[in-house]
Amino acid sequence: MKKDTSHFLPIFVVFMLLLVAFSGCVTKTTYMVEMRDGIKLATDVYLPRQKSPHGVILIRTPYNKDNLQRLGTMWALMGWPTVIQDMRGRFASEGIDRAFRKAHTDGPDTLAWIASQPWCNGKIATYGASALGICQFFMAGENPLNLACQFIMVANPNLHHYAIFQGGEFRKALMEGWLERQNSTFILPEWFAHENYTLDYWTNVSLDGKWENINVPAIHLGGWYDIFAQGTIDGFMGYQYYGGEGAKGKSKLVMGPWTHATVNQLKQGQLEYPENSKDNFSLNMFMDMLDEYTMGGKNDFDKWPSAIYYVMGDVNDENAPGNHWLIADSWPPLPYNSTPFYFHDDGSLTTVLPSSSTSLKYTYNPERPVPTIGGQNLYLTKGPYDQRITEERKDVLVFTSPTLEEPVWITGRVKARLYVSSDCPDTDFTVKLCDVYPDGRSMLITDGILRMRNRNGFDHWEFMEAGKIYEIEVDLWSTSYIWNVGHKIRVSISSSNAPRFRANPNTKAAIGGDSEPKIAHNTVYFGYDHPSSIFLPVITGVDFEKEARKASIYLQDLIRHSEQKMRERISSNTMLPKKAIDILLDEIISESIQYGL
């Protein structure tokens, strides 16, 4: 019986990296790099054995550069000088942490310093996930001279829309939890004072109006259950379709079945996806990008498809459609029909408009909100979770389709159109989309929220009149999913999802303001005059299995070619034997994204 040595590999790799680093193959030096306002940022430089001018990788982090020593050594072993910097006000750097508000200047200043070093050829790539990706967006919006390309993972290009005030409502658990861990909760009152979106305040942390300034390609990697899922897609769209000449048509999108912190793990929420759900190609794509854009190498990066996305499906039936990667040259990737599924007062969900006008009422008490169970979260339960415990509540309206006789495949943006009223001046409406398995589990796919005062824009308030019916749109962001035969489509509507979102007190008070909460009596209307529905981007007439086979063959060819180039690079920068190089390469591919988080 073959002995399992896999658990020894991480220890062996760490030992090998330290051995190589201390043997002179990689050297590390720390600098205090001065910004334009005199503040100095702590910056580690990892240099490979060959120190002639070369393309460079820059990583900027608020989470302590010392934790990324292993990553810096890995990249240097492959020949790239690697610079890892503590962001302003974080750990060894000077200044005050302003939650990205200086990223648009500190990033370009750091690039200019790197470009002036003898080991840099003037072409710099940036790399990182989450906060390490967000700062890349704001750096690129300034069109810095020496920025060559970017690998941006699980991030977003607009803090207001995607991180802080989704649908106008405050993402309480996410933002309070993150700021507490950063010891930066002092910025919350400032955010609340500017909850209405204007570029007068938010311009430093938004790419609105700046897409044309971006002139570099980027890889945008995200997950369908990630906290910034739509931000990843919209960031790609901005670069790919609205960017400057250096970015337009040259960027890539990767969307997997992941939450924010579980990229490359099979278990997502309460579901376990197949082995093929792991990302074993984006690092290869990045290496091809580095070669082409920082070293003037072959155009191998251009051969990668513009979009690589995982279509989720039934994880219990191995013969079910879905659970494969597909590729496309554009986004959205396939023609679709934006199909309305109408809500009926008997709780059914069909593509047939109700024949009569009716309504359903419920009572929303902000002191007893619907609890968050799964979804696009970070510090709460995250990913696909069974929603039945919330669907049993009296303040949740549930609509379910008949048992499906054919699979239903959607890919793209999901939105609900609701006709609603309330007896309060403000309230929220939430919408969840689920897959009901044959055993009764109601597994969350995606969800959204709208704060009623922001129904006509996030830059101003419009309060409600008691009893007046309003047509609204609730954005559930994007997904890619196939309901299997024997399953059901389910949608639930309510007015809270806490603490994922702040529980709206149903008053005119601003977020963060003192207000005695009120109980709201909310109504959803159905029928010909008020066709409340959810619009699903339904794909028909496409052979899924054929598309999956085509994608698999295409990606494997690209991966093999890229990995050979990576082996050659490691070999030329170290004296490691082939077996050690293979182990090191496996480690780099499997762990590089996690290090970037």
Checklist entry - Between Ser206 and Asp208, is there a donor-acceptor pair closer than 3.5 Å when you use the side chain of the first and the backbone of the second? => result yes
Checklist entry - Aromatic ring centroids of His260 and Phe228 under 6.0 Å? => result yes
Checklist entry - Between Tyr342 (side chain) and Ser532 (backbone), is there a donor-acceptor pair under 3.5 Å? => result no
Checklist outcome for this item: Paired with Phe286, the ring-ring contact (aromatic ring centres under 6.0 Å, His included) test is passed by just one of Trp304, Phe151, Trp80, Phe281, namely Phe151
Checklist entry - Which is it for Val414 and Ile534 under the side-chain contact (heavy atoms from CB on, under 4.5 Å) test, yes or no, and what are the steps along the way? => result CA-CA 7 Å; Val414 177; Ile534 189 167; 3.8 Å; yes
Checklist entry - Quick one: are Tyr336 and Leu536 in side-chain contact, heavy atoms under 4.5 Å? => result no
Checklist entry - Would you say Ser251's side chain and Gln240's backbone share a donor-acceptor pair under 3.5 angstrom? => result no
Next on the checklist: Assess whether a salt bridge exists between Glu473 and Arg417, defined as any Lys/Arg side-chain N lying under 4.0 Å from an Asp/Glu carboxylate O.
Outcome noted: no
Checklist outcome for this item: Nearest heavy-atom approach of Pro438 to Gly486 is CG-O, 3.7 Å
Checklist entry - More than 12 heavy atoms of other residues, nucleotides or ligands under 6.0 Å from OH of Tyr554: is that the case? => result yes
Item to check | Separation of Gln270 CD from Leu444 CG (nearest 0.5 Å) | outcome: 10.5 Å
Next on the checklist: Nearest 0.5 angstrom please: Leu283 CG to Met74 CE, how far?
Outcome noted: 10.0 Å
Next on the checklist: Main chain of Leu555, side chain of Arg560: is a donor-acceptor contact present, judged purely on distance under 3.5 Å?
Outcome noted: no
Item to check | Spatial distance of atom OH (Tyr293) from atom CG (Leu147) [nearest 0.5 Å] | outcome: 12.5 Å
Next on the checklist: Check whether Glu272 reaches the backbone of Val315 with its side chain - one donor and one acceptor, N or O, closer than 3.5 Å.
Outcome noted: no
Next on the checklist: Looking at Tyr379, is its backbone amide N or carbonyl O close enough to the side chain of Asn377 to form a donor-acceptor pair, meaning the two atoms are under 3.5 Å apart?
Outcome noted: no
Checklist entry - Is the count of non-hydrogen atoms from other residues, nucleotides or ligands lying under 6.0 Å from Glu142 atom CD greater than 12? => result yes
Checklist entry - Just how far is it from atom CG of Leu71 to atom OG1 of Thr73, taken to the nearest 0.5 Å? => result 8.5 Å
Next on the checklist: For a quick check under 3.5 Å, do Asp314 and Asn484 share a side-chain donor-acceptor pair by atom type?
Outcome noted: yes
Next on the checklist: Between Thr294 and Asp291 (side chain of the first, backbone of the second, donor and acceptor by atom type, cut-off under 3.5 Å), is there such a pair?
Outcome noted: no
Item to check | Candidate pair Asn284 and Leu558, rule side-chain contact (heavy atoms from CB on, under 4.5 Å), full reasoning | outcome: CA-CA 8 Å; Asn284 305 76; Leu558 292 171; over 6 Å; no
Checklist entry - Would you call Lys298 and Asp300 a salt bridge, using N to O less than 4.0 angstrom? => result no
Checklist outcome for this item: Scanning both residues in full, the closest heavy-atom pair of Arg441 with Asp386 reads CG-OD2, 3.6 Å
Checklist entry - Quick one: does Gln265's side chain get under 4.5 Å of Gln268's, heavy atoms only? => result yes
Next on the checklist: Quick check for you: to the nearest 0.5 Å, what is the distance between Met153 atom CE and Ile134 atom CD1?
Outcome noted: 12.5 Å
Item to check | Within-4.5 Å side-chain heavy-atom neighbours: Leu221 and Ile152 | outcome: no
Next on the checklist: Regarding Asn497 and Thr372, do their side chains bring together a donor and an acceptor under 3.5 Å, going by distance alone?
Outcome noted: yes
Checklist entry - If you look at every heavy atom in Trp409 and Val311, which pair is closest and at what distance? => result NE1-CG1, 3.8 Å
Next on the checklist: Please report whether the ring centroid of Tyr127 lies less than 6.0 Å from that of Trp75.
Outcome noted: yes
Item to check | Student check: side-chain heavy atoms of Leu450 and Asp475 closer than 4.5 Å | outcome: no
Checklist entry - So does Lys488 pair up with Asp435, basic N to acidic O under 4.0 Å? => result no
Checklist entry - Please walk me through it: do Leu68 and Ile59 pass side-chain contact (heavy atoms from CB on, under 4.5 Å)? => result CA-CA 9 Å; Leu68 299 179; Ile59 303 169; 4.0 Å; yes
Item to check | Basic-acidic side-chain contact under 4.0 Å: Lys278, Glu275 | outcome: yes
Checklist entry - Considering all heavy atoms of both residues, which atom of Asn323 and which atom of Pro274 are nearest to each other, and what is their separation? => result CB-CG, 4.0 Å
Checklist entry - Going by heavy atoms in the side chains, are Ile493 and Thr430 under 4.5 Å from each other? => result no
Checklist entry - Within a reach of under 6.0 Å around CG of Leu145, are more than 12 heavy atoms found that belong to other residues, nucleotides or ligands? => result no
Checklist entry - Hey, does the side chain of Asn158 reach the backbone of His161 with a donor-acceptor pair shorter than 3.5 angstrom? => result yes
Item to check | Aromatic plane relationship, Trp325 with Trp258 - under 30° parallel, 30 to 60° tilted, over 60° perpendicular | outcome: tilted
Next on the checklist: For the backbone of Arg549 and the side chain of Ser552, can you confirm whether one donor and one acceptor N or O come within less than 3.5 Å of each other?
Outcome noted: no
Next on the checklist: Test side-chain contact (heavy atoms from CB on, under 4.5 Å) on Val216 and Lys250; report intermediate values, then the result.
Outcome noted: CA-CA 8 Å; Val216 297; Lys250 299 176 182 178; over 6 Å; no
Checklist entry - Checking Lys210 against Phe137: charged group under 6.0 Å from the ring centre and within 45 degrees of the axis? => result no
Checklist entry - Centres of the Phe399 and His344 rings: under 6.0 Å? => result no
Next on the checklist: Please check: side-chain N/O of Tyr162 versus main-chain N/O of Asp234, any donor-acceptor pairing under 3.5 Å?
Outcome noted: no
Item to check | Ion pair Glu547/Lys550, N-O distance below 4.0 Å | outcome: yes
Item to check | Gly222 to Val154 - nearest heavy-atom pair and separation | outcome: CA-CG1, 4.0 Å
Item to check | Asp279 and Asn264 side chains, donor-acceptor separation under 3.5 Å | outcome: no
Item to check | Nearest atoms (heavy-atom pairs only) where Tyr437 meets Gly313 | outcome: OH-O, 3.9 Å
Checklist entry - Less than 4.5 Å apart, any side-chain heavy atom of Ile373 and any of Gln387? => result yes
Next on the checklist: What I'd like to find out is whether the side chain of Ile219 reaches to under 4.5 Å of the side chain of Gln150, using heavy atoms alone.
Outcome noted: no
Checklist outcome for this item: Only one of Thr400, Ile489, Val398 passes side-chain contact (heavy atoms from CB on, under 4.5 Å) with Leu349, and that residue is Ile489
Checklist outcome for this item: side-chain contact (heavy atoms from CB on, under 4.5 Å) test vs Phe341 passes for just one of Val352, Leu433, Thr350, Val538, namely Val538
Next on the checklist: Are Trp224 and Tyr309 an aromatic pair, judged by ring center distance below 6.0 Å?
Outcome noted: no
Item to check | Glu405 atom CD: more than 12 heavy-atom contacts under 6.0 Å | outcome: no
Checklist entry - Charged N to carboxylate O below 4.0 Å: is that the case for Glu391 and Lys432? => result no
Checklist entry - OG1/Thr126 to CZ/Arg60 distance, rounded to the nearest 0.5 angstrom? => result 10.5 Å
Next on the checklist: For Tyr242, is the OH atom crowded, meaning more than 12 foreign heavy atoms sit under 6.0 Å from it?
Outcome noted: no
Next on the checklist: Less than 4.5 Å apart, side chain to side chain, heavy atoms only: is that true for Met255 and Ile233?
Outcome noted: yes
